[in-house]
Amino acid sequence: MSSSLITILLVGLLLFVLFSAHIAFYSWFRLHQLGLTLFMFSLCFIAISWLVIGTLVVAESIADINYSALTSWFISLPLKTLTFFIYFINGCLFYLATRLHLKQVERLNLRAIKDSLDNLPSGLCFYAESGLIMLANRQMDQLAYQLTGLPLENGLNFYEQLLNGSLSPGVIRLSEINQLIFKLPNGNLWGFTQRLVKLKQSTVTEIVGTNLTLLANLHSHEEKQRHQLEAYQKRLQVYDQDLVELKRAEERLALKFDIHEQFGYLLLLSRHFWQKRIVGLASEPDAHAIIKLWQDQLKALVKRNLVTDDYDWASFLTLARELELDLRLIGKLPTDLTSLTIFKLALQESITNAVRHAKASELIVKSRLKDNTYHFNFINNGNLPTEPIIEGGGLSSIRQQVLNNHGMMNVITQPTFNLEIKLPLFERGQDD
Amino acid sequence: MIKVLMVENDPLASQLFALFLKEHPRYELVSILTSAVLALSYCERNEVNLILMDICTDLGASGLEVASKLKQTHPEIKIIMITSQPEYDYLKRARAGRIESFWYKKTQELELLEVMDRTWQGESIYPDTTPVVQLGLALSGEFTPREIEVLRELVGGDTNQEIAERLGISSITVRNHIQKLLEKTGFTNRTSLAVAAGKSGLVNREF
């Protein structure tokens with residue numbers, strides 16, 4: 001009997017002991033399977049016995065003493081077959097240990113998933129087509145109980161109850177448009193959504209419950225800020241409109257400054273002339289030149305003073321005469337600034353259309369105030385449009401202003417071209 | 001005689017310019033209109049050779065827009081844009097509309113007549129730059145063209161998102177431009193910046 005074969009056998013036996021002991025402990029502490037544990041301990045015990053006997057054989061061989069009966073029996077065994085058998089058992093045990101480990105890992109993963117879901121702040125639930133709950137976290141269980149007063153047992157029934165069913169006292173259903181939102185008695189808001197999740201062989205339904213309390217608070221805060229911003233913008237837009245007039249006023253003021261300077265220059269020039277005149281150096285043409293300059297400056301000022309309130313209508317009439325357009329007004333001009341501005345815009349556009357497109361010779365303007373509403377009509381006798389009117393910059397701008405002031409505008413093309421505008425009498429402060 | 005149409009809504013300015021022209025034998029002032037839109041009709045039915053066109057005219061009518069339309073329908077009419085507003089974009093828009101000349105309003109007679117003469121002889125007279133305007137701590141020349149565009153939209157009181165949509169850029173870019181503008185001008189908030197910018201005349205959305 002070779003000592004090397006005995007060594008291999010002993011190593012195999014050692015492995016046998018280790019594998020079987022490992023599986024025995026594993027079965028007991030992890031799997032809680034008593035039968036498998038006892039079987040493995042038996043195998044382990046047998047392997048230990050064989051290991052002890054084999055070790056005894058080796059010891060007696062080294063000590064060079066006579067073999068005992070047990071040693072003789074061991075040596076007489078078919079060691080090759082035994083070795084093969086031991087390693088075969090080891091292989092089987094190794095396979096078994098590996099499978100058990102993998103299964104445990106799988107069991108750990110499922111548990112970890114459940115633990116993770118339970119720690120989620122949102123409620124989560126998966127259910128099969130029949131409504132059978134496949135997975136639900138702790139939060140969803142609590143929510144279901146708070147909302148319906150019942151434990152979560154059937155996903156279909158739970159969602160149906162969220163949609164239409166009765167809720168626990170104190171729970172308020174807020175919205176059903178995009179998602180179900182509920183206000184709980186403690187003031188928290190929860191939103192629920194449902195969607196289908198396709199798996200390899202089946203489809204499950206997922207319900208997610210999300211705490212919207214913080215979001216709602218932020219939204220409310222943002223809404224307040226948005227209103228404030230809109231108010232600022234409105235004020236800025238009003239200011240922007242006033243700015244146009246302000247700039248015109250500044251422009252006029254700058255021009256007045258210039259004229260004032262011109263007068264100053266003329267005064268200096270005149271003083272200089274009289275000084276020269278006193279000593280007999282000033283000529284007659286110099287005097288005429290200075291008088292001419294004074295006349296021009298004074299004319300400019302006088303013309304400015306001729307500007308009256310009727311200037312606008314008068315200028316329209318003058319223009320109409322120059323355009324060979326018979327412009328007639330039936331009624332009275334509007335008195336408030338907003339209506340007058342829109343009236344002038346419409347008149348300007350009507351003159352342009354009458355001359356450029358309709359080739360008209362007459363434009364009749366009707367203006368009357370009835371039931372606190374201005375009625376304007378701009379009717380020309382020109383060619384009627386042959387195609388539908390596409391409102392460009394002019395008409396669309398008027399329409400916008402009319403709509404902004406709660407009025408209405410119609411472009412009538414039969415039997416004559418008639419731009420009709422109805423405008424409620426603007427009262428200052430009404431829109432503030 | 002060269003027939004001149006004047007579009008000017010300020011009576012003082014129009015009468016002053018009328019005085020300039022009255023004594024000049026070459027020019028005949030045929031009419032004074034207060035709104036640029038009416039010039040379209042006027043040129044349709046009357047002979048006009050030269051127009052002195054203000055940019056900011058009555059009833060919100062933009063002289064620049066009308067001038068561009070007139071150049072399409074009546075290319076033979078020569079147009080001189082006149083304004084006192086230092087809006088950054090006016091020169092560019094006037095050139096794009098093929099307007100012959102551009103003159104910043106002054107009261108000196110000779111300069112206007114000189115511009116008219118040279119324009120009539122076929123020259124195109126444009127100032128080199130817009131007048132420099134002080135905005136907060138900065139001068140108008142310190143702003144980039146994009147910053148001026150953002151500033152122009154800001155004056156209308158629009159949100160960053162609305163400005164971004166109009167200019168075709170992201171709202172974050174708009175926010176960055178506004179931040180740069182605030183840094184350059186020293187204003188502490190966008191409202192102050194918008195009000196000051198509108199008042200300075202550097203930008204003008206209306207015309």
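To find a chain, count down the sequence lines: A is the first, B the second, and so on, and within it residues start at 1. This is a predicted model, so every value here is computed, not measured.
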Colleague: State the CG-CG distance between A:Leu229 and B:Asn160, to the nearest 0.5 angstrom.
Modeller: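 Here the rounded value is 9.0 Å.
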Colleague: Would you say that B:Tyr42 contacts A:Val355 through its side chain, given a criterion of any heavy-atom pair below 4.5 Å between the two side chains?
Modeller: no
Colleague: Would you indicate whether A:His221, at its atom NE2, is surrounded by more than 12 heavy atoms from other residues, nucleotides or ligands within a distance under 6.0 Å?
Modeller: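 For A:His221, atom NE2 is not crowded (no more than 12 foreign heavy atoms under 6.0 Å).
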Colleague: When rounded to the nearest 0.5 angstrom, what distance separates CG in B:Asn46 from CD in A:Glu324?
Modeller: 7.5 Å
Colleague: Is any side-chain heavy atom of B:Glu44 less than 4.5 Å from a side-chain heavy atom of A:Lys359?
Modeller: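 Result yes, sub-4.5 Å side-chain heavy-atom pair found.
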Colleague: For residues A:Glu322 and B:Ser31, report the shortest heavy-atom separation together with the two atoms involved.
Modeller: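 Reported closest heavy-atom pair: OE1-OG, 2.8 Å.
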Colleague: Does NZ belonging to B:Lys180 count more than 12 external heavy atoms closer than 6.0 Å?
Modeller: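 No, because the 6.0 Å sphere around NZ of B:Lys180 holds 12 heavy atoms or fewer from other groups.
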Colleague: Can you tell which part of B:Thr159 gets under 4.5 Å to a heavy atom of chain A, answering side chain, backbone, both or neither?
Modeller: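 Looking at B:Thr159, backbone and side chain both touch chain A.
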Colleague: B:Leu33, B:Leu38, B:Thr73: which one forms the most heavy-atom pairs within less than 4.5 Å of chain A?
Modeller: B:Leu38
Colleague: Do other residues, nucleotides or ligands put more than 12 heavy atoms under 6.0 Å from A:Lys366 NZ?
Modeller: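 12 or below, so no.
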Colleague: Go through the atoms of A:Leu323 and report whether side chain, backbone, both or neither lie under 4.5 Å from a heavy atom of chain B.
Modeller: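 Looking at A:Leu323, backbone and side chain both touch chain B.
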Colleague: Counting neighbours of CZ on B:Arg98 that are heavy atoms of other residues, nucleotides or ligands and sit closer than 6.0 Å, is the number greater than 12?
Modeller: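 Open: at most 12 neighbouring heavy atoms sit under 6.0 Å from CZ of B:Arg98.
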Colleague: Rounded to the nearest 0.5 Å, what's the gap from CD1 on B:Ile32 to CG on A:Leu319? Could you check?
Modeller: 12.5 Å
Colleague: Rounded at 0.5 Å granularity, tell me how far CD in A:Gln348 sits from OG1 in B:Thr34.
Modeller: 8.0 Å
